[in-house]
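Every number for a ligand or one of its atoms is a count from 1 in the order of the listing.
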Amino acid sequence: MAARLDGRSAIVTGGARGIGAAIAARLVDEGAMVAIADLDGEGAATLAMRLSPDGKQAFGVACDVGSEADVASCVQATLSRYGRLDIVVNNAGMMTFKRIEEWRSADWAAVLQVDLIGAALFTGAAFREMRGGGAIINVSSIHAVQTSAQAAPYAAAKAGMLSLTRTSSIEGREREIRANAILPGAVDTPMLWDNPNIRSGAERIDPADVGQPEDIAAAVAFLASDDARFITGATLTVDGGRLARL
Ligand code: NAD
């Protein structure tokens, strides 16, 4: 049986490590050709070399998702390498911590630029280049709907991503571009364990509620594939059931 994503070309942002690295590996496994875009260009290139030593199915690109110029050159590099663009996974993200009275304009701008505007820039670039349909998957967070102290810009950006997903699905409909969001719960990556709310014990997580990056990657691969052809504008919570409990 042919792999689900055979011949499709994808960009995965923040793909050098954590959830993004698992997504890149899964998409390669399912047959896609993947541009791994990350601020850490060296890490992206190293992973690409590991996933596809001959470069046919993966290459690394240094890219700051918050920079319009970097986004444009990442898309162009993908098109010149693979000749098409079918899938964009907006996964790059950052989380910083302060109390609400301490946030200043520049702090808000820094987080929103990466976590929300970065996804918007890649979505716009994808809309300009996708031919014959496509899939956009926004890696949001359960912080889009419930949150904890000290993470106001992150939670706002992740909530904004749901709205971006909705608009993208509406405007993509005529061109068969689907857009969906994933809300991961706690996932075993550096971002989770660096979280000061978790380090201090202010936010408690049952070990059974911690998923693996591969759990998110499996959901992304599904939403990217034709198995999800009738799914657009949707949000899929992948949190092991954490949000559902009282
Ligand atoms: P991570 O910190 O382990 O990895 C993030 C990757 O994004 C890194 O490789 C980093 O270099 C890259 N990156 C950061 N800023 C960038 C920028 N401006 N341009 C390009 N690349 C950039 O994080 P993770 O846990 O793998 O998180 C991935 C995504 O999943 C994020 O959007 C995060 O908000 C979301 N998420 C994570 C969790 C979790 O518990 N780990 C939960 C919910 C949502």
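Scanning all protein heavy atoms for the shortest distance to atom 43 (C) of ligand 1 gives P184 O, 3.4 Å. Looking at atom 14 (C) of ligand 1, its nearest protein heavy atom turns out to be G93 O, 3.7 Å. Shortest contact from atom 11 (O) of ligand 1 to any protein heavy atom: D38 OD1, 2.6 Å. Here the heavy atom of the protein found nearest to atom 36 (N) of ligand 1 is Y154 OH, 3.8 Å. Of the protein's heavy atoms, G185 O, 3.9 Å lies nearest to atom 38 (C) of ligand 1. Atom 25 (O) of ligand 1 has T189 OG1, 2.4 Å as its closest protein atom, hydrogens excluded (heavy atom only). Atom 23 (O) of ligand 1 has M191 CB, 3.5 Å as its closest protein atom, hydrogens excluded (heavy atom only). Ranking protein heavy atoms by distance to atom 22 (C) of ligand 1, first place goes to A92 CB, 3.7 Å.
Note: the hydrophobic cluster containing L223 also contains V34 (ILVMFWY, side chain heavy atoms under 4.5 Å, direct or indirect links).
Contact between G43 and ligand 1 is absent, with no heavy atom of the residue lying under 4.0 Å from the ligand.
A salt bridge is absent between D40 and R17: the closest approach of a Lys/Arg side-chain nitrogen to an acidic carboxylate oxygen does not fall below 4.0 angstrom. A salt bridge links D209 and R245; the closest N-O separation between the charged side-chain nitrogens and carboxylate oxygens is under 4.0 Å. Looking at D206 and R242, no side-chain N of the basic residue comes within less than 4.0 Å of a carboxylate O on the acidic one, giving no salt bridge.
Atom CD of Q212 has more than 12 heavy atoms from other residues, nucleotides or ligands within 6.0 Å. Few gaps surround NZ on K98; more than 12 heavy atoms of other groups in view lie less than 6.0 Å from it. No more than 12 heavy atoms of other residues, nucleotides or ligands sit less than 6.0 Å from atom CD of E174.
None of T78, L85, D86 except one satisfies the side chain to side chain contact (heavy atoms under 4.5 Å, CB included) rule with Y82; the exception is T78. Evaluated for a side chain to side chain contact (heavy atoms under 4.5 Å, CB included) with M94, the options D115, L39, V65 yield exactly one hit, D115.
A donor and an acceptor atom, one from each side chain of S52 and D54, are located under 3.5 Å apart. There is a side-chain donor-acceptor pair under 3.5 Å between T165 and N138.
Pairing each heavy atom of L183 with each of S141, the nearest pair is CG-O, 3.5 Å. Closest approach of L162 to A181, counting heavy atoms only: CD2-CB, 3.7 Å.
Looking at N91, N90, D194, T13, it is N91 that brings a heavy atom closest to atom 29 (C) of ligand 1. For atom 7 (O) of ligand 1, the choice among G14, A186, G41 with the nearest heavy atom turns out to be G14. Checking L39, V139, L183 against atom 21 (N) of ligand 1, the nearest heavy atom belongs to L39.
Contact annotation: for I19 versus ligand 1, heavy atoms closer than 4.0 Å belong to both the backbone and the side chain. Counting heavy atoms closer than 4.0 Å to ligand 1, residue V65 contributes atoms from both its backbone and its side chain. Neither the backbone nor the side chain of A37 comes within contact range of ligand 1; no heavy atom lies under 4.0 Å. Residue contacts with ligand 1, taken as heavy atom pairs separated by less than 4.0 Å, involve K158 solely via side-chain atoms from C-beta onward. With a 4.0 Å heavy-atom cut-off, ligand 1 is reached by no atom of M94.
With ligand atoms numbered from 1 in the order given, ligand 1 contributes 35 (C), 44 (C) to contacts under 4.0 Å with heavy atoms of S140. Using a 4.0 Å cut-off to heavy atoms of D64, the atoms of ligand 1 that qualify are 17 (C), 18 (N), 19 (N). Near C63, meaning under 4.0 Å from any of its heavy atoms, are these atoms of ligand 1: 19 (N), 20 (C). Remark: ligand 1 atoms within the under-4.0 Å shell around heavy atoms of G18 are 26 (O).
By the 3.5 Å distance cut-off applied to N or O atoms, R17 is counted among the residues near ligand 1. For D40, no nitrogen or oxygen atom sits less than 3.5 Å from a nitrogen or oxygen atom of ligand 1, counting backbone and side chain alike. Annotation: V187 places an N or O atom under 3.5 Å from an N or O atom of ligand 1; distance criterion only.
In this structure, the side chain of T189 engages the main chain of M191 through a donor-acceptor pair within 3.5 Å.
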